[in-house]
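Contents: one structure, followed by commentary.
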Amino acid sequence: MMKRCIMLLASAMMVLLLAACTPTTEKNQESQSQTETPAMPPTTEAVVADTPEKRNAGNENLPSLAAVSVYRVSKNGDGLVQEMDNLESEELVDQALVDLMIKYEILEEGTEIISFELDEDKGTLNLNQLTSSEDEMRIRAVTESVVNTFTENFELESGLILQINGEVFSLEAMEPDEDGTMYYNADYRKFE
């Protein structure tokens with residue numbers, strides 16, 4: 001009799017456990033409705049919120065600074081590294097670009113533009129100094145830096161004539177034209 005009671009009790013517990021673990025149709029529907037994301041009504045708010053005007057709302061009085069690309073001399077001095085920066089003006093200003101190159105220690109303190117002339121897509125840059133270094137690799141790196149920085153920012157597709165105190169300055173390694181025009185070096189990362 002005792003065995004029967006224990007067997008009946010064990011059977012009843014098994015039935016209850018199975019009933020508790022078996023999902024019902026209501027439970028299935030309830031769990032599916034909780035996992036499904038409700039459909040969003042069609043709206044244009046998401047598109048409107050992602051416009052430059054919306055993102056910049058409240059910044060209307062802030063000046064938009066001129067973004068420039070500066071080619072600084074690499075640590076080992078045998079190539080250039082491109083840096084993106086802003087001038088402290090809204091427009092691209094030649095002396096501000098030279099001042100930024102001084103900040104990056106490309107040009108030496110006191111370097112100033114005597115003149116900068118644009119003739120269509122060709123420029124002539126006359127500086128009061130370039131570098132006091134006598135190291136040929138340093139002179140080339142500084143020259144390549146100036147040429148790449150000015151030709152890219154001023155979009156000088158026909159190149160740049162670099163002058164120091166009115167005298168044309170060019171390096172044979174940069175393969176200048178007869179008049180001294182030098183061009184953007186796309187292989188600026190490492191000089192040959």
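Throughout, numbering of the chain's residues begins at 1 and tracks the sequence. Source: prediction; values computed, not measured.
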Could you give the side-chain donor-acceptor pairs of residues 155-162 under 3.5 Å, partners two or more places apart or in another chain?
| unit_1 | atom_1 | unit_2 | atom_2 | d |
| --- | --- | --- | --- | --- |
| S158 | OG | D121 | OD1 | 2.8 |
| S158 | OG | D121 | OD2 | 3.4 |

Would you mind writing out the side-chain donor-acceptor pairs for residues 92-103 within the sub-3.5 Å range, not counting sequence neighbours?
| unit_1 | atom_1 | unit_2 | atom_2 | d |
| --- | --- | --- | --- | --- |
| Q95 | OE1 | I113 | N | 2.9 |
| Q95 | NE2 | D99 | OD1 | 3.0 |

Identify all side-chain donor-acceptor contacts of residues 164-175 below 3.5 Å with residues at least two apart in sequence or on another chain.
| unit_1 | atom_1 | unit_2 | atom_2 | d |
| --- | --- | --- | --- | --- |
| N165 | ND2 | N128 | O | 3.0 |

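Residue pairs satisfying the ring-ring contact (aromatic ring centres under 6.0 Å, His included) criterion with at least one member in residues 111-150, sequence neighbours excluded, are listed as follows: F116-F150, F116-F154, F150-F154. The ring-ring contact (aromatic ring centres under 6.0 Å, His included) pairs that include a residue from residues 72-93 number zero, where partners must be two or more places apart or lie in different chains. Within the structure, ring-ring contact (aromatic ring centres under 6.0 Å, His included) contacts touching residues 117-142 (residues at least two apart or in different chains) do not occur.
In terms of the side chain to side chain donor-acceptor pair (under 3.5 Å) criterion, K75 has no residue partners (sequence neighbours excluded). The salt bridge (Lys or Arg N to Asp or Glu O under 4.0 Å) check on E152 picks up nothing, with sequence neighbours excluded. Applying the side chain to side chain donor-acceptor pair (under 3.5 Å) rule to D119 yields no partners; only residues at least two apart in sequence or on another chain are considered. Applying the salt bridge (Lys or Arg N to Asp or Glu O under 4.0 Å) criterion to D135, with sequence neighbours excluded, gives no partner residue. Y184 meets the side chain to side chain donor-acceptor pair (under 3.5 Å) test with Y71; sequence neighbours excluded. T181 is linked by a side chain to side chain donor-acceptor pair (under 3.5 Å) to K122, D179, counting only residues two or more places apart in sequence or in another chain.
Put simply, the side chain of L107 reaches to within 4.5 Å of the side chain of V142, judged on heavy atoms.
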